[in-house]
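Quick notes on the structure that follows.
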Amino acid sequence: MKILVTGGAGFIGSNFIFYMRRKHPEYELICLDKLTYAGNMETLASVMDGPSFKFIRGDIADREAVYGIFEAEKPDVVVNFAAESHVDRSIENPAVFLETNVMGTQALLDACRKYGVQRYHQVSTDEVYGDLPLDRPDLFFTEQTPLHTSSPYSASKAAADLLCNAYQRTYGLPITISRCSNNYGPYQFPEKLIPLMIANALADKPLPVYGEGLNVRDWLYVEDHCAAIDLILEKGKVGQVYNIGGHNEMRNIDIVKRILSLLDKPESLITYVTDRKGHDMRYAIDPSFIHRELGWLPETRFEDGIQKTVRWYLENRDWWENIISGEYQSYYERMYGKR
Ligand code: NAD
Ligand code: DAU
C-alpha cells in the first residue's frame, strides 16, 4: 500500500504519518508539502531517513507538479491534509485559502481521476456546519447538518467538500470525507489557541482571549483523529462523510485557565481582546455514526491529553521557539498588536 499524504509537515498530517508508521510499518508513505509557514521539516526528522518514506516539496495547486508525482509514484491512496488552516489568517487574506483549499483539492481530484486511486480521503472540518447557539446544548452537528459557513477558511473547506462529492457522483471517484472537531497535541503551530496560550504563559506574556472567552469548542486529541482516518481508509464506505469528535465541549476561558494552572502561572495573565470577526459560538460533533459504523471511539481523555500536550511543549521548546522567532513575530504584531 502506497499512501500520498499531503500537508504531512503540518500538525495533524505529521501526527498521521507517525501514527501510520507505528500501526502499518509495511505501508509506503509519501509526504507532499509546500512547506508554508505552517510546515516544518524538523517535525518530520524522526521519519525522514526511515524506510518506505519519501518527502517531496511541492504545491497541491501546482497541477503539473501533482501529475508528475502521480505519474512517478502511482499512489494507491491519497489523504489530503494540505490546507491553509487558520481562521484568523483567512479573515486577513482569503485568497490563498481559495488557492490551496479549493484549487489544490481540485488538482488532486483531477490527478486521481487521471491516474486512478483506490481511495481519495479529504480531511475536512466541523467548521463547514457553521455554529450552534450556546443556549441549545441539545443540538449537535450530524452528517446531515446543512453546510453553513462563517469564515473564508470554512467556506473554502466546504467548497472543497462539495467538489469531492461532485467528483464522486459525476466521475465515480472513490472518495471519503471526514469532518473533525478541534484537535490539540504535539506539533501544533503556536498560532492556534492551545499552543499559543502555552507559549505566552511560559514567556509571562498576556494571554489574548477573544471576546468574553465563552465560545465553545469540542476538543479531540490529535492521535484519536489519526486513528479515525486510518479506520475510514480501511473500512469506510465510498461516498460517505464521517463526523469525528469526542463529546468534549469546553469554553475557551476554561481551557486557558487549565493551561495556566498546569504551568503554575497566574490568571492575571489573561487579557480579554477584541473578538474575532464572525466568531463561531459553539461547535459540537455528534460522533455516533462513525462509532456505530466503524467502531471508532476516542481513547484520550481531555485531562490526560492536555497534560501530555503541555509536557510536550515544555520538553520541545526548541521546536516552537524556532517557529516563533521568524515570520510569526510580524504575524503576532499584526494580529494582536493593536487588538
Ligand atoms: P497546519 O496548518 O498545521 O498544516 C497544514 C500543512 O499543509 C502545512 O504543512 C503546510 O505547509 C501544508 N500546505 C499548505 N498549503 C499547501 C499547498 N498548497 N500544497 C502543499 N502543502 C501545503 O494544519 P492542520 O491543523 O494540521 O490541519 C490539517 C488539515 O486538517 C486541514 O485540512 C484542516 O482544515 C483540517 N482540520 C484541522 C483541524 C484542527 O483542529 N487543526 C480540525 C479539523 C480539520
Ligand atoms: O473545528 C475545527 C477547526 O478548529 C479547524 O478546522 C481549524 O483548522 C482549526 O484552526 C480550529 O479552528 P478554531 O478557530 O476553532 O481554532 P483556534 O485555535 O484558532 O481558536 C479556538 C478558539 O479560541 C476560538 O473560539 C478562538 C479562540 N481564540 C483563539 C486564539 C488564537 C482566542 O480566544 N484567542 C486566540 O489568541
Side-chain angles (χ1 to χ4, degrees), residues 5-16 31-41 43-44 56-62 65-66 79-91 96-97 99-101 103-105 107-108 122-129 131 141 150-151 153-154 156-157 160-161 178-185 187-197 200 206-220 222 225 229 244-245 250-253 255-256 270-276 278-285 332 335-336 339:
V5 181
T6 66
F11 165 47
I12 308 176
S14 61
N15 276 284
F16 180 74
C31 171
L32 168 62
D33 198 296
K34 187 179 175 182
L35 296 181
T36 66
Y37 77 92
N40 190 341
M41 286 304 289
T43 303
L44 293 175
I56 302 172
R57 184 172 191 176
D59 184 342
I60 58 164
D62 179 346
V66 168
V79 184
N80 181 26
F81 292 93
E84 288 293 332
S85 68
H86 192 37
V87 173
D88 290 326
R89 289 188 193 249
S90 84
I91 295 167
V96 65
F97 283 73
E99 186 57 31
T100 288
N101 300 1
M103 302 313 287
T105 298
L108 289 172
Q122 177 72 1
V123 181
S124 185
T125 168
D126 61 356
E127 295 201 17
V128 299
Y129 297 123
D131 65 350
F141 299 138
S150 311
S151 69
Y153 162 69
S154 56
S156 69
K157 291 296 289 185
D161 284 14
S178 54
R179 296 183 179 142
C180 190
S181 60
N182 285 60
N183 285 212
Y184 68 101
Y187 298 107
Q188 186 166 32
F189 195 86
E191 65 189 351
K192 307 282 167 53
L193 180 75
I194 289 180
L196 185 142
M197 296 300 163
N200 282 20
L207 271 48
V209 172
Y210 299 165
E212 296 178 87
L214 302 179
N215 305 64
V216 168
R217 297 292 183 265
D218 180 357
W219 294 93
L220 186 73
V222 61
H225 185 185
I229 294 174
I244 307 171
M250 291 182 72
R251 301 185 313 176
N252 295 339
I253 189 64
I255 297 265
V256 171
I270 294 172
T271 311
Y272 293 94
V273 300
T274 311
D275 210 350
R276 174 184 277 173
H279 199 173
D280 281 336
M281 222 43 232
R282 169 177 169 246
Y283 302 148
I285 283 276
Y332 198 90
M335 200 54 72
Y336 297 97
R339 204 155 182 154

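Counting convention: from 1, in listed order, for ligands and their atoms alike. Side chains included, hydrogens not; waters and symmetry mates left out as well; all remaining heavy atoms used. Numbers here simply count residues along the sequence, with the first being 1.
For the pair Arg282 and Asp131, the minimum side-chain heavy-atom distance is 4.5 Å or more. Contact annotation: the side chain of Thr100 approaches that of Ile60 to within less than 4.5 Å [non-hydrogen atoms, C-beta and beyond]. Using a 4.5 Å heavy-atom cutoff, the side chains of Pro208 and Leu196 are in contact. At a threshold of 4.5 Å between non-hydrogen side-chain atoms, the residues Val222 and Gln188 do not count as touching. Two residues are said to be in side-chain contact when any heavy atoms from C-beta on lie closer than 4.5 Å; Ile253 and Tyr272 meet this criterion.
Taking the ring axis of Tyr184 as reference, the NZ or CZ atom of Arg217 does not stay both within 45° of it and closer than 6.0 Å to the ring centre.
Protein neighbours of ligand 1 below 4.0 Å, counting non-hydrogen atoms: Gly7, Ala9, Gly10, Phe11, Ile12, Asp33, Lys34, Leu35, Thr36, Ala38, Gly39, Gly58, Asp59, Ile60, Phe81, Ala82, Ala83, Ser85, Thr100, Val123, Ser124, Thr125, Tyr153, Lys157, Cys180, Ser181, Asn182, Asn183. Using a heavy-atom distance under 4.0 Å as the criterion, the protein contacts of ligand 2 are Ser85, His86, Val87, Thr125, Asp126, Glu127, Tyr153, Cys180, Ser181, Asn182, Glu191, Lys192, Leu193, Leu196, Met197, Pro208, Val209, Tyr210, Asn215, Arg217, Asn252, Arg276, His279, Tyr283, Tyr336.
Between Tyr283 and Phe141, the ring-plane angle classifies as tilted under the 30° and 60° cut-offs.
Between the side chain of Asp218 and the backbone N or O of Ile285, at least one donor-acceptor pair lies under 3.5 Å.
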### Task
Give the intermediate values and the outcome of side chain to side chain donor-acceptor pair (under 3.5 Å) for residues Tyr210 and Asp88.
CA-CA 11 Å; Tyr210 299 165; Asp88 290 326; 2.7 Å; yes
